[in-house]
Amino acid sequence: MHEYTSSARVWGLTCPGFPEEVSRARRWTRDILRGSPLAEDAELIVSELSANAILHTASGKESGSFHLALAVSPQVIALSVTDDGGTGTAPKVEHQDQEAEHGRGLGMVSVIAHRVVVHETDGGHTVTAELFAHPRRGGHPC
C-alpha cells in the first residue's frame, strides 16, 4: 500500500436537531455497516449520542443540528457526534441509579465501546466512540 493511501473509509451526515432524526442516524449507520458484526453496537451508540446532542445541547433548539462522522477500517469503527454546544460543561459519564430516567446514556456507550473520547469544538463538543474489530487483552486493536 502506498504510504499516502488509507484503507479507512469516512462518511458524514448532518441532521437537524429534531428527535425523529435519531432514527435517521440509526438507519444511516445500519446501512453503512450492513454485514458488520459491530453494526448493532454502532447503531445503539449513534442513537444514544444523537439523542444526547438533541436533549442536552443547542442542537435540539430551533435551527440546531448535529453532525455524525463514521470512519471504518479493518481494525476499528469510529463513530463521532458533534453537537452545537450551549452547555457549560463537557459531556461526561455519570454513574446513575438504575431507576434514573436520564444521565445513563454516555455511561452505556462507554460500556459498549472500547474507547470513548470527548473533544471540545469551536461551538460545542464531539464525542467519539471506537469499536475495535479484534480487541486484544488490554482493549487495544490488533
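Values reported hereafter were calculated over all heavy atoms of this structure, with side chains retained and with hydrogens, waters and symmetry mates removed.
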Checklist entry - Looking at residues at least two apart in the chain, or sitting in another chain, which of them share a salt bridge (Lys or Arg N to Asp or Glu O under 4.0 Å) with Asp31? => result Arg34

Item to check | Minimum heavy-atom distance between Ser65 and Asp84, given as atom pair plus value | outcome: N-OD2, 2.8 Å

Next on the checklist: Assess the residue pair Thr126 and Val118 against the criterion (side-chain contact (heavy atoms from CB on, under 4.5 Å)); give the C-alpha distance rounded to whole Å, side-chain angles, the decisive distance to 0.1 Å, and a yes or no.
Outcome noted: CA-CA 6 Å; Thr126 298; Val118 178; over 6 Å; no

Item to check | Trace of the side-chain contact (heavy atoms from CB on, under 4.5 Å) decision for Leu44 with Met108 | outcome: CA-CA 9 Å; Leu44 181 59; Met108 182 175 64; 4.1 Å; yes

Item to check | Heavy atoms from other residues, nucleotides or ligands near CZ of Arg30 exceed 12 (cutoff 6.0 Å) | outcome: yes

Checklist entry - Shared ILVMFWY cluster between Trp11 and Val127, side chains joined below 4.5 angstrom? => result yes

Checklist entry - Which atom pair, heavy atoms only, marks the closest approach of Phe66 to Ala25? => result CE1-CB, 4.5 Å

Checklist outcome for this item: Applying side chain to side chain donor-acceptor pair (under 3.5 Å) to Ser80 and not counting sequence neighbours gives Thr128

Next on the checklist: I need the minimum non-hydrogen distance between Ser7 and Pro74, along with the two atoms involved.
Outcome noted: OG-CD, 3.6 Å

Checklist outcome for this item: salt bridge (charged side-chain N to carboxylate O under 4.0 Å, His left out) pairs touching residues 11-27, sequence neighbours excluded, are Glu21-Arg24

Checklist outcome for this item: Residue pairs meeting salt bridge (charged side-chain N to carboxylate O under 4.0 Å, His left out), one or both in residues 53-67, sequence neighbours left out, come to none

Next on the checklist: If we ignore hydrogens and angles and just use 3.5 Å, is the side chain of His125 paired with the main-chain N or O of Glu120 as donor and acceptor?
Outcome noted: no

Checklist entry - With sequence neighbours left out, what residues match Thr57 under side-chain contact (heavy atoms from CB on, under 4.5 Å)? => result Ala53, Ser59, Asp83, Thr87

Checklist outcome for this item: Residues passing the side chain to side chain donor-acceptor pair (under 3.5 Å) test with Thr121, sequence neighbours excluded, are none

Item to check | Considering all heavy atoms, the nearest Ile54-Phe18 contact | outcome: CD1-O, 3.3 Å

Item to check | Atom pair OG (Ser23) and CH2 (Trp28), whose distance is rounded to the nearest 0.5 Å | outcome: 14.5 Å

Checklist entry - Which is it for Leu33 and Leu38 under the side-chain contact (heavy atoms from CB on, under 4.5 Å) test, yes or no, and what are the steps along the way? => result CA-CA 8 Å; Leu33 296 176; Leu38 300 173; 5.9 Å; no

Checklist entry - Can you list the residues that meet the side-chain contact (heavy atoms from CB on, under 4.5 Å) rule with Leu79, with sequence neighbours excluded? => result Thr29, Ala42, Ile45, Val46, Leu70, Ile77, Leu131

Item to check | Side chains of His67 and Thr14, donor plus acceptor under 3.5 Å | outcome: yes

Checklist outcome for this item: Those residues at least two apart in sequence (or on a different chain) that pass side-chain contact (heavy atoms from CB on, under 4.5 Å) with Val10 are Ala71

Checklist entry - How many angstroms lie between atom CG of Leu68 and atom OG of Ser50, to the nearest 0.5 angstrom? => result 4.5 Å

Item to check | Any residue meeting side chain to side chain donor-acceptor pair (under 3.5 Å) with Ser36, in chain and number order, not counting sequence neighbours | outcome: none

